[in-house]
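Note on naming: letters A, B, ... go to the chains in the order of the sequence lines (proteins, then strands), and numbering restarts at 1 for each one. Basis for what follows: all heavy atoms, side chains included, without hydrogens, waters or symmetry-related copies. Computed from a predicted model, the values in this text were never measured in an experiment.
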Protein chains: 2
Amino acid sequence: MVVKKPLTPAVVVDVALGIVDEHGLEGLTLAAVAQRCEVATPSLYKHVANLGELKALVGVRVLDDMTERFTAAVLGRGGDEAVTALMGAYRAYVNDHPKRYSAMPMDPLHDPIQKTAGAKQIDVMFATLRSYGLEGPAAVHAARRLRVLVHGFASIESAGGFGLPEGLDDTYDQLIQMYLASLRKDT
Amino acid sequence: MVVKKPLTPAVVVDVALGIVDEHGLEGLTLAAVAQRCEVATPSLYKHVANLGELKALVGVRVLDDMTERFTAAVLGRGGDEAVTALMGAYRAYVNDHPKRYSAMPMDPLHDPIQKTAGAKQIDVMFATLRSYGLEGPAAVHAARRLRVLVHGFASIESAGGFGLPEGLDDTYDQLIQMYLASLRKDT
DNA sequence: GCTCATAGGCTAATGGCATTAGCCGATGAG
DNA sequence: CTCATCGGCTAATGCCATTAGCCTATGAGC
């Protein structure tokens with residue numbers, strides 16, 4: 001017999017993530033979550049403050065999932081190899097969950113709920129650049145460039161913004177090489 | 001005395017754009033537009049098919065405005081100078097209307113309403129790269145890289161995604177130099 | 001085993017918004 | 001002068017978020 005999972009904030013976020021995967025962030029609605037949980041809409045307020053908070057929590061989950069994959073990809077590597085692995089992992093995650101990416105907050109540091117998850121992800125990026133020995137502003141600029149590249153590509157690709165998928169792998173390779181070259185100049 | 005403008009689709013889009021500038025794309029609502037036009041909400045349906053179409057039209061307007069500024073920036077220039085001007089104009093537009101940028105469609109070619117405006121903007125980018133003499137796929141990759149850079153940066157900056165505005169000009173400069181270097185390798 | 005606070009679910013009600021249907025007056029072409 | 005059309009309006013529907021207030025089971029503490 002089926003034992004219904006007790007509803008917890010984490011479960012609600014799980015369900016929400018499923019809805020986002022299927023219908024996009026705009027499709028994420030308390031009513032839809034409630035239906036999947038076989039519960040009346042107002043009941044959700046016992047687990048989550050409101051729709052805004054739920055969206056923030058979904059953002060945290062996406063951030064954490066990505067960070068975990070990045071960490072795994074970079075572990076045991078350094079230098080260009082690590083950077084390449086990180087950029088590959090970023091794109092891979094977004095391709096695995098295209099709709100999901102729109103739930104990733106661009107400004108996690110501005111939201112108390114997302115702050116630590118956001119900081120953790122940025123830390124991984126900084127750590128990936130560690131072996132280049134960049135100091136102060138140079139490190140910040142390098143991390144920003146990296147973020148611009150991966151986010152720019154991922155956001156356009158996941159939106160279907162590149163006319164044809166034709167040669168997208170090559171384009172991404174070129175972005176990686178371009179970035180690695182810029183790192184060489186930095187050091 | 002005040003002569004009230006006759007309501008036309010173009011005027012409705014103007015008003016909508018004002019709302020987007022103030023409250024963001026999520027704040028764009030037919031009810032809000034109607035109020036500013038001093039008209040009942042259903043009246044808008046005489047000028048616009050529905051909220052979705054209005055958003056698409058706003059997207060076209062943004063696309064066109066940007067393209068116009070890009071064209072002006074690039075006119076009479078070539079090579080690195082032209083690319084630098086284009087990238088500068090892109091960032092400048094977004095900084096002039098931060099909220100607005102979220103209304104710029106990432107996949108204009110998929111929407112019949114936005115298709116030509118999107119194609120025109122991409123044409124300007126290709127034209128800016130013309131003097132490098134890139135052929136076939138190389139030209140496509142170069143244009144994609146350019147788009148990734150400008151969009152990635154603009155989208156993060158306009159969302160307030162960079163921790164501190166500290167040194168953002170420098171970061172953007174580095175992105176430009178990085179891109180110019182990648183073009184040198186292409187040729 | 002009894003009691004009572006609480007966790008977690010529910011119904012009812014409110015208010016915002018999109019959208020549709022159907023009405024109506026002004027206006028301009030013929 | 002007439003009439004179709006344009007552009008506005010009101011009424012009604014339905015979806016959604018959110019709040020208020022109710023009710024029950026359960027488990028901690030006695």
Side-chain angles (χ1 to χ4, degrees), chain A residues 1-61 99-100 102-103 105 111-114, chain B residues 1-61 99-100 102-103 105 111-114:
Chain A
M1 63 169 85
V2 186
V3 177
K4 209 179 299 177
K5 275 184 206 163
L7 226 45
T8 67
V11 172
V12 173
V13 171
D14 276 345
V15 173
L17 213 43
I19 294 174
V20 170
D21 281 339
E22 289 175 35
H23 308 297
L25 189 56
E26 333 74 52
L28 177 54
T29 179
L30 285 182
V33 173
Q35 190 176 24
R36 290 214 187 174
C37 295
E38 297 179 293
V39 142
T41 307
S43 304
L44 293 178
Y45 288 85
K46 288 288 160 73
H47 307 285
V48 146
N50 52 41
L51 180 59
E53 187 188 274
L54 177 57
K55 283 181 177 167
L57 291 173
V58 167
V60 169
R61 178 70 66 86
K99 303 271 184 79
R100 201 128 133 180
S102 61
D111 183 339
I113 295 183
Q114 305 177 321
Chain B
M1 64 166 87
V2 186
V3 178
K4 208 177 307 180
K5 274 184 207 161
L7 227 43
T8 68
V11 171
V12 173
V13 171
D14 275 346
V15 173
L17 212 44
I19 293 174
V20 170
D21 280 339
E22 289 176 35
H23 308 297
L25 189 56
E26 334 74 54
L28 176 55
T29 178
L30 285 181
V33 173
Q35 189 175 26
R36 289 213 189 178
C37 294
E38 297 179 294
V39 142
T41 307
S43 304
L44 293 178
Y45 288 84
K46 289 289 161 68
H47 307 285
V48 147
N50 51 40
L51 180 59
E53 186 187 273
L54 177 57
K55 282 180 176 166
L57 291 172
V58 167
V60 169
R61 178 70 67 85
K99 305 272 184 78
R100 198 129 135 182
S102 60
D111 183 339
I113 294 184
Q114 305 176 323

Decide side chain to side chain contact (heavy atoms under 4.5 Å, CB included) for H23(B) and L28(B); before the verdict, give the C-alpha distance in whole Å, the side-chain angles of both, and the deciding distance to 0.1 Å. CA-CA 7 Å; H23(B) 308 297; L28(B) 176 55; over 6 Å; no
In whole Å, what is the span from the CD atom of E26(A) to the P atom of dA17(D)? 14 Å
Quick one: closest heavy-atom pair of A34(B) and A40(B), and the distance? CB-C, 4.0 Å
Answer yes or no: does a side-chain N or O of T29(A) lie under 4.0 Å from OP1 or OP2 of dA17(D)? yes
Atom-pair distance (CG on L28(A); P on dC15(D)), nearest Å: 18 Å
Sequence-distant partners of D111(A), salt bridge (Lys or Arg N to Asp or Glu O under 4.0 Å), two or more places apart: none
Between E26(A) and K99(A), is there a side-chain N and carboxylate O pair less than 4.0 Å apart? no
Near-strand residues of residues 42-57 of chain A, defined as heavy-atom separation under 4.0 angstrom from DNA chain D: P42(A), Y45(A), N50(A), L51(A)
Enter the distance from I19(B):CD1 to L54(B):CG here, rounded to the nearest 0.5 Å. 8.5 Å
With a 4.0 angstrom cut-off to heavy atoms of chain A, pull out the first and last contacting nucleotide of DNA chain C, in 5'-to-3' order. dG8(C) to dA12(C)
Considering every strand and a 4.0 Å limit on heavy-atom distances, what is the contact class for A40(B): base, sugar-phosphate, or nothing? base
Below 4.0 angstrom, which residues in residues 14-24 of chain B have at least one non-hydrogen atom near DNA chain D? none
What verdict does the side chain to side chain contact (heavy atoms under 4.5 Å, CB included) test give for R61(A) and L17(A), after you've listed the backbone C-alpha separation in whole Å, the side-chain angles of each residue and the deciding distance to 0.1 Å? CA-CA 8 Å; R61(A) 178 70 66 86; L17(A) 213 43; 3.5 Å; yes
Checking the side chain of Q114(B) only, and the main-chain atoms of A56(B) only, is there a donor and an acceptor separated by less than 3.5 Å? yes
Looking only at heavy atoms, what is the nearest atom pair of L51(A) and L30(A), with distance? N-CD1, 3.9 Å
Ignoring hydrogens, what is the shortest heavy-atom contact between V58(A) and A103(A)? Give both atom names and the distance. CG1-CB, 4.0 Å
I need the minimum non-hydrogen distance between V48(A) and E53(A), along with the two atoms involved. CA-OE2, 3.8 Å
Got more than 12 heavy atoms from elsewhere within 6.0 Å of CD, Q35(B)? no
Terminal axis angle for the helix from dG1(C)-dC30(D) to dG30(C)-dC1(D), five pairs an end, nearest 10 degrees: 10°
Determine the minimum heavy-atom distance between G27(B) and A32(B), stating which atoms define it. O-CB, 4.4 Å
Contacts of D21(B) that satisfy salt bridge (Lys or Arg N to Asp or Glu O under 4.0 Å) - sequence neighbours left out: R100(B)
